[in-house]
Amino acid sequence: MILISYLVRRCIRLVAPFGLAVWSVTAPAQSNEQDGSLLAHPLAAGDATRVEVTVAFVSDGYRRGPCKIVESSGDKRADAQACRTVSFYKTTKPLYAVTSAWLMPEFEGEFIAPKLKNSKKVAMAISNSYPRYELSKGHQGTTSVKLVIDITGKVTNCIAAQSSGYATLDRVTCKQMMRAKYNPGQLNGEPTESIVYTSMFWGAGSGPPEP
């Protein structure tokens, strides 16, 4: 029974969807939150602006339940990212948390975002990489990462833009995302280096961490 419970806990967890859609924007660009990515923009446009959003949610510890904005960032498109970046935990009553979102820098031209090519492989690698110690302790959370994608679609850098609260989970997130392969982003029809923000949820079915 203990082994079965462990395997169920190991397998039942959610990660952000990886099938990133292609979309186009024209200047001045704002923000985007489509299909898996929280945000994507040309590297040359500069840094995205980080904002904070307060949300309330309920959850069984594996899947996020109802989630709503309690305190807005002031930008609806940034707010739409918030329920995908929050570290949610098992709770039957609304739990309040402050989480991150990002505003796209302005740029001119038509941008087509990078699209992940090996989503099934990445998802499988992630599903098998939950650190055993963190899982055994019930450590869970959401790591939001900033990826740099070169003109060939290779991930050349990954940093934790928002930590899960556990350094090991953050490191494993970047380790797995560095193996991802993308169709490169395009700006005005030409391949361009891009920034992609995405998130990964590590769920152990636990309640909120102790203060």
Side-chain angles (χ1 to χ4, degrees), residues 1-20 33 35-39 50 52-71 79-102 116 119-147 158-180 196-211:
M1 181 63 71
I2 294 176
L3 177 59
I4 293 174
S5 175
Y6 171 79
L7 291 175
V8 169
R9 291 173 61 196
R10 184 174 176 82
C11 293
I12 303 178
R13 52 189 176 272
L14 301 179
V15 297
F18 289 104
L20 305 189
E33 59 283 336
D35 299 334
S37 67
L38 302 168
L39 181 72
R50 180 181 177 274
E52 290 187 340
V53 186
T54 302
V55 301
F57 62 86
V58 294
S59 172
D60 63 0
Y62 296 110
R63 294 170 296 273
R64 185 180 54 244
C67 177
K68 66 177 183 178
I69 305 299
V70 175
E71 186 173 340
D79 290 350
Q81 302 170 38
C83 285
R84 298 207 303 279
T85 65
V86 67
S87 286
F88 54 91
Y89 299 89
K90 184 176 182 180
T91 175
T92 55
K93 297 181 179 179
L95 188 64
Y96 293 81
V98 178
T99 190
S100 296
W102 291 271
L116 191 63
S119 57
K120 290 183 179 179
K121 184 176 181 180
V122 172
M124 181 63 70
I126 291 167
S127 70
N128 292 323
S129 61
Y130 208 128
R132 184 170 299 179
Y133 174 81
E134 306 296 341
L135 182 61
S136 69
K137 294 296 183 180
H139 293 170
Q140 71 177 60
T142 301
T143 300
S144 297
V145 295
K146 174 184 175 181
L147 307 177
C158 173
I159 64 170
Q162 177 178 263
S163 175
S164 63
Y166 301 98
T168 301
L169 297 182
D170 297 343
R171 286 195 297 271
V172 173
T173 299
C174 270
K175 179 180 179 181
Q176 297 302 333
M177 291 311 301
M178 287 294 293
R179 299 174 177 173
V196 170
Y197 286 82
T198 191
S199 63
M200 183 185 303
F201 173 64
W202 300 93
S206 63
E210 296 182 0

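These numbers come from a predicted model, not from an experiment. Just so it is clear, the values below take in all heavy atoms, side chains as well, and ignore hydrogens, waters and symmetry mates.
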**side chain to side chain contact (heavy atoms under 4.5 Å, CB included) evaluation trace for D60 with K90** = CA-CA 5 Å; D60 63 0; K90 184 176 182 180; 5.5 Å; no

For [Y], does its backbone N or O pair with a side-chain atom of [X] as donor and acceptor, under 3.5 Å?
X    : Y    : value
S206 : G138 : yes
T85  : A101 : no
R64  : V58  : no
S199 : R84  : yes
Q81  : W102 : yes
D170 : T143 : no
S37  : Y197 : no
Q140 : F88  : yes

Going by atom types alone, do W202 and T173 pair a side-chain donor with an acceptor below 3.5 Å?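 Yes.
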
Would you give the length of the straight line joining atom [atom1] of [X] to atom [atom2] of [Y], rounded to the nearest 0.5 angstrom?
X    : Y    : atom1 : atom2 : result
C158 : Q176 : SG    : CD    : 10.5 Å
T168 : L135 : OG1   : CG    : 12.5 Å
I159 : M177 : CD1   : CE    : 13.5 Å
I69  : C83  : CD1   : SG    : 5.0 Å
L38  : S100 : CG    : OG    : 10.0 Å

What residues form a side-chain hydrogen bond (donor to acceptor under 3.5 Å, both in side chains) with T54, not counting sequence neighbours?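 Applying side-chain hydrogen bond (donor to acceptor under 3.5 Å, both in side chains) to T54 gives none.
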
For residues [X] and [Y], report the shortest heavy-atom separation together with the two atoms involved.
X    : Y    : answer
F57  : A97  : CE2-CB, 4.2 Å
T142 : S87  : N-OG, 2.8 Å
S164 : G141 : CB-C, 3.8 Å

Taking the side chain as everything from C-beta on, heavy atoms only, tell me whether [X] gets closer than 4.5 Å to [Y].
X    : Y    : result
V55  : K68  : no
P208 : L95  : yes
V172 : P131 : yes

Checklist line | Residues that R179 engages under salt bridge (Lys or Arg N to Asp or Glu O under 4.0 Å), provided they are two or more places apart | finding: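 If we apply the salt bridge (Lys or Arg N to Asp or Glu O under 4.0 Å) test to R179, skipping adjacent residues, there are no hits.
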
Note to self: As a quick check of understanding, evaluate side chain to side chain donor-acceptor pair (under 3.5 Å) for Q162 and T99, giving each step before the final call.
What the structure shows: CA-CA 8 Å; Q162 177 178 263; T99 190; 3.2 Å; yes

Task: M178 CE: over 12 foreign heavy atoms closer than 6.0 Å - done: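 Yes, CE of M178 has more than 12 neighbouring heavy atoms, counting only those of other groups under 6.0 Å.
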
Among Y166, Y130, Y89, exactly one meets ring pair (Phe, Tyr, Trp, His ring centres under 6.0 Å) together with H139. Which residue is that?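 Single pass found, and it is Y166.
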
